[in-house]
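These notes are about the structure you will find just below.
Letters A, B, ... are given to chains in the order of the sequence lines, protein chains preceding strands, and every chain is numbered from 1. Every heavy atom of this structure was used, including side-chain atoms; hydrogens, water molecules and symmetry mates were not.
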Amino acid sequence: MAGDDEDRAVPAGEPAAPAAALPPVSSLDAEAAEAEHARLSDEVARANLAYYQEDAPFISDAEYDACKRRLEEIEVRFPHLAHPGSPTEQVGAAADTRFAKIPHRLPMLSLENGFTQGDVEAFVQRVRSFLNLAPGAALEITAEPKIDGLSLSLRYEGGWLVQAATRGDGAVGENVTANARTIADIPGQLAGDDWPDVLEIRGEVYMSHVDFEKLNQSDSGRVFANPRNAAAGSLRQLDPAVTASRPLRFFAYAWGEVSAPFARTQMEAVRRMQDFGFQTNPLTRICASVQDMLAAWAEIEQMRATLGYDIDGVVYKVNDLGYQARLGMRSTTPRWALAHKFPAERAWTRLEAIDIQVGRTGALSPVARLHPVTVGGVVVSNATLHNEDYIAGRGADGSEIRGGKDIRIGDWVEVYRAGDVIPKVADVDLAKRPPEAAPYAFPATCPECGSPAIREEGDSVRRCTGGLICPAQAVEKLRHFVSRAAFDIEGLGAKLVEELFRDGWIAEPADIFTLEDRYGPGQPRQLKNREGWGEKSAASLFQAIEKRREIPLARLLFALGIRHVGEVAAQDLARHYGSWQALEAALDTARPAAIAHRAAEEAVQAEREAAQAEGRRARPAEARAAALAQADLPADAANAWAGLIAADGIGPVLAMSLSDAFANERERAAIDRLVAHLTVLPPEARATDSAITGKTLVFTGTLEKMTRAEAKARAEALGAHVAGSVSAKTDLLIAGPGAGSKAKKAAELGIKVIDEDEWLAIAQG
DNA sequence: CAGCCTCGAGTTCC
DNA sequence: CTCGAGGCTG
């Protein structure tokens, strides 16, 4: 599953018979076919078992696919061999359905990462200013080692373990209850009797170094790359007996849903978790200052080698749980915690080639092909090179990257895994540079379609201008279209759309919804006859596509893959307009305004250049106003544009990009063809019910009991929009002392105004 | 207008 | 996960 960074160990083993050496299927007689069918079925079944249960595949994916294809061919020619138990009938590899999905009642968070002393100082400062603490006021922060394992959420009801779920993507995890029950550190029943009736304990499953070595030396023939992979592989076993035989351990450090509070501070919570019968990390401590935190970090790093288990940093948390609640969440991380990572491991290797990939928006991304090298327990053979400037070692403004050293093919380069995941090139050894190595010439044309690749002013990436003509862009757009946050059609993943695109079955999103008409029952060419497909799998894909003809507006908008319109902007737009028709109409009406605004921006640019040439001060605002006046916009266009910009989170750049997409003939036609097949669902109303849900709020003046940031976060949690200035759309103004023009304007517009105490009453509710 | 925060886009491992 | 850039705030 994507997002799951569990790796599988590949043991030495007897390889599958090479498919190439086999005679053509057409030459087989019935007897030989049956024998081979049986052999291949067995092979595939064994491979499945190894892959899914043992976490130790003995054949490569390619070999596995070859086996399955060969089986298909045989079954096409000798249909009597196809039976319900045949591996070919078990379509789409059961990878995602091995464990039941469990939605987390409270999301399992990830943490913000920091690497430097400055990051730690900034974290503490941010917390202090958010809470509006006086400079001298005490602020306790806990520090604990960050265990390098995999996180697990354990749900207890009435003191009994009822469910264990992996983190998954943070919102939905996998049910591994049976396996969790076999781990000695995880109590099946809580100790004592003083626990909340519902209690979700969260922590880290890990394996100690000693146990890891023992496991790898056992005669199972399986070799795991590192303890983390071993722990992950052991926990995700179909057979709990296998998990039970693996020496897994567990540290508790956090919690999810709780029916009643059980502590007032983080440290107290840790002690309570011990009372409940959990192991907690003995190095956890309280810090009173940034100096304390850095000292704790340094001390824990010193102990790293002798701890006996892997850690990759130190986690800091605001100790007071009341403060934690006030600080709340950003989009994916809590404001009250920071993971202070240890420096990443590095390794030197040779850069063998530089390839250029073309993305969905046409961005040309250079990728380093490296001589394989082990970095932090993982073999790395590719690394990102970001962009043209990164390779050149110098930014557009002349600033130096890596001390100005450029990267050349043939160079010795130092590689590390940023955030322990993405391989990056950190340095170049000029002393080892081959004399014939030349500076890398970044292509000026798209390597996929040959169109010019242009770098716009102020942009760091070069983009292919081919648009939908470029096959790379077209296929990346399709992959995006079927991605999880977009249409998410079951059984139609990135790999399959790519294949269907290559074969000319799907050229654009609309084609997905006519797939059955063109390749379904009764057609000359049919999906069920494709390699690896059958009657059942084809029918279920068509059914999954049918289901997605009804699509929420936000998903549709995101799926279109318009530059700058991501998941959040799509949500904002959907909520702002409420329907596809309203959005489409607004964009069409606003088009002249978009054109005028672009012209105005160009006029501003020209004015800046002219001013510089003439040595006078630029007057951008006047140039813009003049250009707009000259355009003589119809009022409805100006209004529609203003309405678009007024949407929360939508600025001129995004609005322009959206407008361009809808005005581009080719793109618009493709969108219209798609939407003709769909029923677009309006955005759901927010579930929260509070006096301010769905309302637009403006804060002004000084807030004395809460900071601005805190008030905004709280209001948004209650389903309100927080705007910066008062307009006709404003529903409520919260005015503290010193409120000025905004309060006056609100009064003119007849908008309700409340003071901070009234606001606090709402915020608490 | 500058600085902060969040979002979008691209990428690696398999 | 990170970088760059867009949008908002002060």
Side-chain angles (χ1 to χ4, degrees), chain A residues 1-10 51 55 57 60-62 95 110-113 115 122 125-126 129-130 225-226 229 232 329-333 335 339 341 344 355-370 372 374-387 389-390 395-396 401 415-424 456 458-461 463 476 479-480 483 485 495 558 561-572 620-621 645-657 698-700 702 707-709 712-713 716 722-725:
Chain A
M1 181 171 88
D4 193 342
D5 46 5
E6 166 196 342
D7 297 84
R8 266 181 230 96
V10 184
Y51 189 96
D55 273 59
S60 71
D61 286 359
S110 51
L111 297 179
E112 183 190 350
N113 287 325
F115 298 93
Q125 194 43 50
R126 241 193 348 266
S129 69
F130 196 98
N226 54 52
N229 288 354
M329 297 276 300
R330 273 182 296 249
S331 55
T332 59
T333 58
R335 290 192 187 85
K341 299 301 226 23
D355 285 353
I356 301 287
Q357 296 183 353
V358 182
R360 163 166 71 88
T361 60
L364 265 48
S365 308
V367 177
R369 305 296 177 199
L370 306 166
T374 302
V375 188
V378 172
V379 178
V380 166
S381 45
N382 301 307
T384 175
L385 290 170
H386 296 294
N387 55 49
D389 291 346
Y390 194 83
I401 304 169
V415 182
Y416 72 103
R417 299 203 306 151
D420 274 340
V421 180
I422 312 285
K424 287 181 58 168
E456 279 179 35
D459 208 345
S460 58
V461 299
R463 290 195 152 82
E476 289 301 320
R479 288 166 58 114
H480 171 78
S483 69
K495 223 171 136 186
F558 173 67
I562 296 163
R563 186 133 91 98
H564 300 130
V565 182
E567 232 179 312
V568 174
Q571 288 272 2
D572 291 343
I645 302 288
D648 216 24
I650 310 298
V653 173
L654 198 159
M656 196 71 74
S657 170
V698 176
F699 291 93
T700 185
T702 319
T707 64
R708 245 344 141 73
K712 181 170 194 273
E716 280 166 356
V722 177
S725 59

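- Residue Glu567(A) contributes atom CD, which lies 11 Å from atom P of dA9(B) at whole-angstrom precision.
- In this entry the distance linking CG of Leu364(A) with C1' of dT11(B) reads 15 Å, nearest Å.
- A straight line from NE2 of His480(A) to C1' of dC7(B) spans 14 Å, rounded to a whole angstrom.
- For Glu456(A) and dA9(B), the CD to P distance is 15 Å, given to the nearest whole Å.
- Nearest to the side-chain atoms of Leu654(A) among the listed nucleotides dC3(C), dG10(B), dG7(C) stands dG7(C).
- Dashed line: the shortest gap from a side-chain N or O of Ser365(A) to OP1 or OP2 of dG10(B) is not under 4.0 Å.
- Counting only heavy atoms from C-beta on, Phe115(A) has its side chain closest to dT2(C) among dT11(B), dC7(B), dT2(C).
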Val358(A) vs Glu476(A), side chain to side chain contact (heavy atoms under 4.5 Å, CB included): CA-CA, chis, key distance, verdict: CA-CA 8 Å; Val358(A) 182; Glu476(A) 289 301 320; over 6 Å; no

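- In this entry the distance linking CD of Gln125(A) with P of dG3(B) reads 16 Å, nearest Å.
- One finds a side-chain N or O of Lys424(A) lying less than 4.0 angstrom from the OP1 or OP2 phosphate oxygen of dC3(C).
- Contact check, Gln357(A) against dG10(B): no side-chain N or O comes under 4.0 Å of OP1 or OP2.
- The phosphate of dC3(C) (OP1 or OP2) has no side-chain N or O of Asn387(A) nearer than 4.0 angstrom.
- For Val653(A), the side-chain atoms get nearest to dG6(C) when compared with the rest of dT11(B), dG10(B), dG6(C).
- At dA5(C), one or more side-chain N or O atoms of Ser460(A) fall inside 4.0 Å of OP1 or OP2 (strictly under the cut-off).
- Of the candidates Val367(A), Val415(A), Asp355(A), Leu370(A), Asn382(A) forms a side-chain contact (heavy atoms from CB on, under 4.5 Å) with just one, namely Val367(A).
- With values rounded to the nearest 0.5 angstrom, Arg563(A) atom CZ is found 6.0 Å from Thr361(A) atom OG1.
- Side-chain proximity of Ala569(A) to the nucleotides dG8(B), dT11(B), dC1(C) is greatest for dG8(B).
- If you measure from atom CG of Leu385(A) to atom P of dC3(C), you get 14 Å, rounded to the nearest angstrom.
- Note: OH (Tyr390(A)) to P (dT11(B)) measures 15 Å, nearest angstrom.
- Each of Ile562(A) and Val367(A) lies near DNA chain B, and the nucleotide nearest Ile562(A) is the one positioned closer to the 5' end.
- The CD1 atom of Ile562(A) sits 10.0 Å away from atom CZ of Arg360(A), with the distance rounded to the nearest 0.5 Å.
- For the OP1/OP2 pair of dG10(B) and a distance below 4.0 Å, the side-chain nitrogens and oxygens of Thr361(A) include at least one atom meeting the criterion.
- Between Gln571(A) and Phe558(A) the shortest side-chain heavy-atom distance does not fall below 4.5 Å.
- At dT6(B), one or more side-chain N or O atoms of Arg335(A) fall inside 4.0 Å of OP1 or OP2 (strictly under the cut-off).
- Residue Asn113(A) places at least one side-chain N or O under 4.0 Å from the OP1 or OP2 atom of dC1(C).
- The nearest heavy atom of DNA chain B to Ala383(A) and to Arg360(A) marks one nucleotide each, and the one closer to the 5' end goes with Arg360(A).
- The two atoms that bring His564(A) and Leu654(A) nearest to each other are O-CD1, 3.3 Å, heavy atoms only.
- Checking dC13(B), dG7(C), dC5(B) against every side-chain atom of Arg126(A), the shortest atom distance belongs to dC5(B).
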